[in-house]
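All remarks here apply to the structure that follows.
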Amino acid sequence: MAVQTDFMLAVNQIAAERNIDADDVLEAIKQAIRTGFKKDYPEEEGTILNIDLSPEKGQIAVYADKKVVDDVTNPPTQISLEEAQKLEPKLKVGDHIEVDITPEGDFGRVAAQAAKQVILQKIREAERETVLKEFEDKIGDIETGVVQRMDQDSVLWEVRKATGVMPLEERIGNEFYRSGNRHKLLIKMIEDGPKGKQLIVSRADPEFLRGIFELEVPELISGSVDIKVIAREEGSRSKVAVFSNTEGIDPIGSCVGQKGVRINAIMNELKVGHSEEKIDIILWDDEPEQFIANALSPAEVINVKIMDKEERVVKVIVPDEQLSLAIGKEGQNVRLAAKLTGWKIDIQGETIKVDSDYVKDEESDEKSEAKGKKKETKKKKSTKVSEFESLGLGKRVVNAIDKAGIKSVEDLKEKIEAGEKIAGIGPKAVEEIKKVIS
């Protein structure tokens, strides 16, 4: 009785210390016995072994499944009819029987060592499974992790009692992770890996940015403000489209906070070393034209025209001097805007020639009346300004030429050929002017 009590006390103690089920410990012991048995009895290799573990009785027995045959050719898996009928008289050729092959004494030192390793391994696996179960309901949440070490291209993190794996594609490219540093992480998923189930964490996923916003902006949790969509190039720049569900609440102001305190806290969390990720907060709109115009912020947009609704293609007109701002460094601004809105965006400067159907939208009577007044104003301009208009140059360019005091096309040509800069006329407009005056 003392044996079984001590045995079960030990099993229950291990289970309690590792926060795992006692049945998992017993299963680990069975697996260890099976491994240790084969280590000391290689002649039984290939035999189906069944372990009878009875902690209540303090007994362990090993059984081999053997087939009844007339002539034994493989002793580990076969038994003669004569021997089998000594155990069970009703057996006949072709039947199977479990034969007790439990050795006398112990399994030996090598087998015991192997059994110990298997028990420890199985207990660690059971412990890891138990820990990971705690995160099944936390997928998509933000947790704080501590950098443990690098494992090839992956970073290993300590997240509570679990070990989180951050693969290369889930890392922010310009971040450096020093052992012992603490950072916030997105609990992305639990997936099967080469070493069993593992917890995948991320800082590059757009949902990580959403989670950081939710930590800093209470209106997102209450539902007063929603984040509709996020476009992110991790470590560089992101665009976040927000919308207010409650009248009187400014969604952009809620995310920025008083004197920028909320957005600064978010950007500080994304800042590691000297690198930082810029964030544009965009007002979401049901109308695609307005949403696209908002998404190209901070650039000013003059006109948005849907060219192909099925292919989701639009053309956007911006002032010449803001064309580079709308496109962004290496096309980043327009690329993120396209990703945010889901539309292919073709940006043009104001002076680039386009079809009249593209530039003009259907206008209300009030707009038409206002346009008529503008035409009357143009007629009052000097004939020299009209001379530039006859070249097909845009209104802004003509006004800039007039303000610069340029009186003739010849005068303009000299300045352009000399490479002189004219206030209000950008590089794109200069190229257009060269074409029309050459």
Side-chain angles (χ1 to χ4, degrees), residues 172 186 204-271 276-307 309 312-319 321-348 361:
I172 296 178
L186 171 73
D205 195 286
E207 290 303 308
F208 171 69
L209 186 57
R210 184 190 297 272
I212 296 299
F213 264 90
E214 289 176 350
L215 290 178
E216 299 293 338
V217 183
E219 289 85 349
L220 291 172
I221 302 299
S222 68
S224 301
V225 175
D226 276 345
I227 293 179
K228 291 290 187 178
V229 64
I230 296 173
R232 188 179 185 207
E233 292 186 1
E234 63 278 1
S236 179
R237 190 174 181 181
S238 295
K239 287 182 180 287
V240 181
V242 296
F243 180 77
S244 175
N245 295 314
T246 305
E247 188 176 351
I249 292 183
D250 175 17
I252 295 178
S254 298
C255 293
V256 173
Q258 189 174 14
K259 296 183 179 180
V261 63
R262 292 177 178 176
I263 193 66
N264 287 337
I266 292 167
M267 292 179 69
N268 285 338
E269 179 56 42
L270 299 174
K271 185 176 180 180
E276 66 176 6
E277 185 172 325
K278 295 180 180 178
I279 301 174
D280 298 336
I281 302 177
I282 307 298
L283 184 63
W284 187 83
D285 200 289
D286 283 320
E287 296 296 327
E289 294 93 339
Q290 186 59 53
F291 186 31
I292 291 166
N294 295 346
L296 286 168
S297 174
E300 176 188 341
V301 173
I302 297 174
N303 184 277
V304 178
K305 179 79 172 182
I306 295 177
M307 304 302 293
K309 200 166 187 178
R312 298 177 71 84
V313 178
V314 296
K315 282 189 178 181
V316 178
I317 295 293
V318 299
E321 63 272 16
Q322 296 210 11
L323 187 58
S324 59
L325 181 63
I327 294 172
K329 186 178 180 181
E330 298 179 353
Q332 187 183 58
N333 192 56
V334 68
R335 187 169 60 248
L336 282 171
K339 191 185 296 185
L340 189 77
T341 60
W343 287 78
K344 298 174 185 176
I345 302 174
D346 178 21
I347 293 186
Q348 295 184 355
D361 285 328

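Note that the structure is a prediction, hence the values are computed from the model and not measured. All residue numbers refer to positions in the sequence shown, counting from 1.
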Provide the closest heavy-atom pair for [X] versus [Y] in the form atom of the first, atom of the second, distance.
{"X": "Pro298", "Y": "Arg237", "result": "CD-NH2, 3.6 Å"}
{"X": "Ile230", "Y": "Pro206", "result": "CD1-O, 3.6 Å"}
{"X": "Ile172", "Y": "Gly235", "result": "CG2-CA, 3.5 Å"}
{"X": "Glu269", "Y": "Ile212", "result": "CG-CD1, 3.8 Å"}
{"X": "Arg312", "Y": "Gly342", "result": "NE-O, 2.9 Å"}
{"X": "Val225", "Y": "Leu220", "result": "O-CD2, 3.3 Å"}

Are Ser222 and Ser224 close enough, and set up right, to give a side-chain hydrogen bond (donor to acceptor under 3.5 Å, both in side chains), and what steps lead you there?
CA-CA 6 Å; Ser222 68; Ser224 301; 3.2 Å; yes
Contact check, side chains of [X] and [Y], non-hydrogen atoms, under 4.5 Å:
{"X": "Ile249", "Y": "Thr246", "value": "yes"}
{"X": "Trp343", "Y": "Ile306", "value": "yes"}
{"X": "Pro288", "Y": "Thr341", "value": "no"}
{"X": "Ile281", "Y": "Val256", "value": "yes"}
{"X": "Glu300", "Y": "Pro319", "value": "yes"}
{"X": "Leu209", "Y": "Ile279", "value": "yes"}

[X] (side chain) donor-acceptor with [Y] (main chain) under 3.5 angstrom:
{"X": "Asp226", "Y": "Phe243", "answer": "no"}
{"X": "Gln322", "Y": "Ala299", "answer": "no"}
{"X": "Lys239", "Y": "Ser297", "answer": "yes"}

Out of Ile347, Ile345, Asp346, which one pairs with Val314 under the side chain to side chain contact (heavy atoms under 4.5 Å, CB included) rule?
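When Ile347, Ile345, Asp346 are each tested with Val314, the side chain to side chain contact (heavy atoms under 4.5 Å, CB included) holds only for Ile345.
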What verdict does the side chain to side chain contact (heavy atoms under 4.5 Å, CB included) test give for Gln332 and Ile327, after you've listed the backbone C-alpha separation in whole Å, the side-chain angles of each residue and the deciding distance to 0.1 Å?
CA-CA 7 Å; Gln332 187 183 58; Ile327 294 172; over 6 Å; no
Start with the C-alpha gap between Arg335 and Glu233, add the side-chain angles, then the distance that decides, and say whether salt bridge (charged side-chain N to carboxylate O under 4.0 Å, His left out) holds.
CA-CA 10 Å; Arg335 187 169 60 248; Glu233 292 186 1; 2.6 Å; yes
Start with the C-alpha distance between Trp284 and Ile227, add both sets of side-chain angles, then the distance that settles side chain to side chain contact (heavy atoms under 4.5 Å, CB included), and finish with yes or no.
CA-CA 9 Å; Trp284 187 83; Ile227 293 179; over 6 Å; no
Indicate whether any N or O donor in one side chain lies under 3.5 Å from an N or O acceptor in the other, for Ser236 and Glu277.
no
Does one side chain, of Lys315 or Asn303, offer a donor that lies under 3.5 Å from an acceptor on the other?
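No pair is found: no donor N or O on one side chain lies under 3.5 Å from an acceptor on the other.
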Verdict with reasoning, Lys228 to Val242, per side chain to side chain contact (heavy atoms under 4.5 Å, CB included):
CA-CA 6 Å; Lys228 291 290 187 178; Val242 296; over 6 Å; no
Pair Phe208, Glu234 - check side chain to side chain contact (heavy atoms under 4.5 Å, CB included), show working.
CA-CA 10 Å; Phe208 171 69; Glu234 63 278 1; over 6 Å; no
Atom [atom1] in [X], atom [atom2] in [Y]: separation rounded to 0.5 Å?
{"X": "Ile263", "Y": "Glu216", "atom1": "CD1", "atom2": "CD", "answer": "9.5 Å"}
{"X": "Asp280", "Y": "Asn294", "atom1": "CG", "atom2": "CG", "answer": "12.0 Å"}
{"X": "Leu325", "Y": "Glu321", "atom1": "CG", "atom2": "CD", "answer": "10.5 Å"}
{"X": "Ser244", "Y": "Leu283", "atom1": "OG", "atom2": "CG", "answer": "9.0 Å"}
{"X": "Glu207", "Y": "Phe213", "atom1": "CD", "atom2": "CZ", "answer": "12.5 Å"}

Pairwise salt bridge (charged side-chain N to carboxylate O under 4.0 Å, His left out) hits with a residue in residues 285-294, at least two apart:
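Listed once each, the pairs would be none.
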Can you tell whether the side chains of Glu219 and Arg262 come within less than 4.0 Å, N to carboxylate O?
yes
